[in-house]
2 protein chains.
Amino acid sequence: MGITVSSSSRETILTAARRAAQAHGYNGLNFRDLAEEVGIKAASVYYYFPSKADLGAAVARRYWEDTKADLDVIRVENPDPLMSLRRYPEIFRRSLENGNRLCLCSFMSAEHDDLPEAVKREVQIFTDVNVAWLDTVISAINGTSLSSSGRARAIFAAISGAQLMARSRSDIALFDEIIESYREAGLLG
Amino acid sequence: MGITVSSSSRETILTAARRAAQAHGYNGLNFRDLAEEVGIKAASVYYYFPSKADLGAAVARRYWEDTKADLDVIRVENPDPLMSLRRYPEIFRRSLENGNRLCLCSFMSAEHDDLPEAVKREVQIFTDVNVAWLDTVISAINGTSLSSSGRARAIFAAISGAQLMARSRSDIALFDEIIESYREAGLLG
DNA sequence: ATCCATCTACCATGTGGCAGGTAGATGGAT
DNA sequence: ATCCATCTACCTGCCACATGGTAGATGGAT
């Protein structure tokens, strides 16, 4: 369990690919531009990822893994589940802060019809991870340990939509405003 | 002011392009496949639309025009604004019913960074049309004629998100479930 | 000497777009 | 009524470029 000191090429590719996919989608992701940003030649990317589908799946997988880790940090930092829920929108806000980027999996959800199976699978897991986390948090708030998954899905969908809208206007304040409306309406804690 | 009896080629192209763009986005839209579906050659499409950007803009424009018309029908059929609001989600549900298609402008919002200016403009108008309609309806419900636009934007974003999520699972029931959650939470009338 | 990481040099296919042509309809001048 | 110019609604054929992907060489580290 050693620490990987330098970000290997594989990691650099993965990071650059994530950035690109968040901006241009799976379809808009291409080896030439990706390689150039990393500082290697396109053919070299194939050394790490045998096909575009493999790269896409790896990117999506890493994406939900990272998000899951972020979510777990929120829960650890906030024993009070209501505070955890309050901080949930941060996850989506950060993408906007970070170069007005969309949630990778929102973009890929839109591209659903053209996605290789392996990629589709990872994208689905992203949703599952989010809904499961929300479900747990909401259940803890309610006391009941049953089926708050309906509410969880609604929150996830609503915040995804807010991010999509805010990003198309390049307007983080709009995101905050919509989230505030959700709070006022009582959708969030 | 005569009636255009048969749907001209231009109309057929527009319709097919809308279908394609809803499934594959602006990026995934291409002249070869489009022309084949219409039953003409790719070059012939240029007779009606001088460039892909023009076609994309025309499709997006027609899309918000049609949506605006649908929204107006709802208002005419429902003098009670609360009933109008209640029926709003239908607009997005119909896309799912109709071949599990996404709102054209949701897809294009995701592709925002790669869109020609002319297309971007039309996509923005789609949002404006929806928010304006919601704003009017909500104001009528509240009695106040002021700034319910915050709530309007929230509703639009939330329903967009619900559609995106439901479509990525090809599950209309999921859409209905999320909308129901919005109602329970009090986001919708 | 071998392995690893990366390179050069390709290829097949797909794409937006352009040049130029053409059968048939239209419509005014004679 | 006929001729001619023009327009409509397509077509064939092509180009330049981008794309995913492959084969084989190169050179440094061990």
Side-chain angles (χ1 to χ4, degrees), chain A residues 2 4-60 107-108 111 113-120 122, chain B residues 2 4-60 107-108 111 113-120 122:
Chain A
T4 303
V5 177
S6 86
S7 51
S8 64
S9 277
R10 207 192 121 95
E11 289 301 308
T12 314
I13 292 168
L14 229 36
T15 302
R18 197 195 72 190
R19 290 177 61 98
Q22 280 182 269
H24 313 291
Y26 177 79
N27 210 315
L29 182 66
N30 76 85
F31 282 73
R32 299 266 200 286
D33 294 350
L34 174 61
E36 191 174 8
E37 201 184 310
V38 172
I40 58 176
K41 297 292 165 179
S44 304
V45 177
Y46 286 91
Y47 180 74
Y48 300 98
F49 303 96
S51 75
K52 186 179 177 180
D54 284 293
L55 173 61
V59 167
F107 211 140
M108 288 189 169
E111 292 175 298
D113 289 1
D114 300 321
L115 253 33
E117 278 307 320
V119 181
K120 243 185 275 188
E122 302 298 334
Chain B
T4 304
V5 177
S6 85
S7 51
S8 63
S9 278
R10 207 190 121 94
E11 290 301 308
T12 314
I13 292 169
L14 230 36
T15 303
R18 197 196 73 192
R19 290 176 60 98
Q22 280 181 269
H24 313 292
Y26 177 79
N27 211 312
L29 182 65
N30 76 85
F31 282 73
R32 301 266 199 285
D33 294 349
L34 174 61
E36 192 174 7
E37 200 185 310
V38 173
I40 58 176
K41 297 294 164 177
S44 302
V45 177
Y46 285 91
Y47 179 74
Y48 300 98
F49 303 96
S51 77
K52 187 179 177 181
D54 284 292
L55 173 61
V59 168
F107 210 139
M108 287 189 169
E111 293 175 298
D113 290 2
D114 302 320
L115 251 34
E117 278 308 321
V119 181
K120 243 185 274 187
E122 302 298 333

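Throughout, protein chains are lettered first and strands after them, A, B, ... in sequence-line order, and every chain is numbered starting at 1.
Summarising the geometry, the separation between CD on B:Glu36 and P on C:dG14 is reported as 12 Å, rounded to the nearest angstrom. In this structure, CD1 of A:Ile40 is placed 14 Å from C1' of C:dC4, rounded to the nearest angstrom. At whole-Å resolution of the value, CG in B:Leu34 and P in C:dG17 are 13 Å apart. For the pair A:His24 NE2 and D:dT19 P, the computed distance is 11 Å after rounding to whole Å. In this entry the distance linking CZ of B:Phe49 with P of D:dC10 reads 12 Å, nearest Å. For B:Leu55 and C:dG16, the CG to P distance is 10 Å, given to the nearest whole Å. Remark: C1' of C:dA5 and OH of A:Tyr47 are 6 Å apart, rounded to the nearest angstrom. Between A:Tyr46 atom OH and C:dA9 atom C1' the separation is 15 Å, expressed in whole Å.
The line from NE2 of B:His24 to CG of B:Asn30 is 9.0 Å long, rounded to the nearest 0.5 Å. The structure places NZ of B:Lys52 at 10.0 Å from CG of B:Leu34, a figure rounded to the nearest 0.5 Å.
Remark: C:dA23 base-pairs with D:dT8. Criterion, Watson-Crick or G-U wobble with two distances under 3.5 Å. Nucleotide D:dA16 forms a Watson-Crick or G-U wobble pair with C:dT15, both donor-acceptor distances falling under 3.5 Å. Pair assignment for C:dG28: D:dC3, on the basis of Watson-Crick or G-U wobble contacts that are both within less than 3.5 Å.
Using a 4.0 Å heavy-atom cutoff across all strands shown, A:Leu29 reaches sugar-phosphate atoms only and no base atom. Counting non-hydrogen atoms under 4.0 angstrom, A:Tyr48 reaches the backbone sugars and phosphates but no base. The residue B:Phe31 sits close only to the backbone: its heavy atoms come under 4.0 Å of sugar-phosphate atoms, none of a base.
With D:dC11, C:dG16, D:dC10 as the candidates, the nucleotide lying closest to the side chain of B:Ala43 is D:dC11. Nearest to the side-chain atoms of A:Lys41 among the listed nucleotides D:dT22, C:dC7, D:dT19 stands C:dC7.
A:Glu122 places no side-chain N or O within 3.5 Å of a backbone atom of A:Ala58 that could act as its donor or acceptor partner. Looking at A:Thr15, its side chain does come within 3.5 Å of a backbone N or O of A:Glu11 through a donor-acceptor pair.
A cation-pi arrangement is absent between B:Lys120 and B:Tyr26 under the rule of less than 6.0 angstrom and at most 45 degrees off the ring axis.
Ring pair B:Tyr46/B:Phe31: centre-to-centre distance below 6.0 Å.
Looking at A:Arg32, its side chain comes within 3.5 Å of the base of D:dG20 through a donor and an acceptor atom.
Proximity of A:Ser44 to the phosphate of C:dC7: a side-chain N or O atom is located under 4.0 Å from OP1 or OP2. Contact check, A:Ser9 against C:dA5: no side-chain N or O comes under 4.0 Å of OP1 or OP2. Using a 4.0 Å cut-off, no side-chain N or O of A:Ser51 falls inside it from OP1 or OP2 of D:dG20.
Place A:Gly28 and A:Pro50 on DNA chain D by their nearest nucleotides, and A:Gly28 ends up nearer the 5' end.
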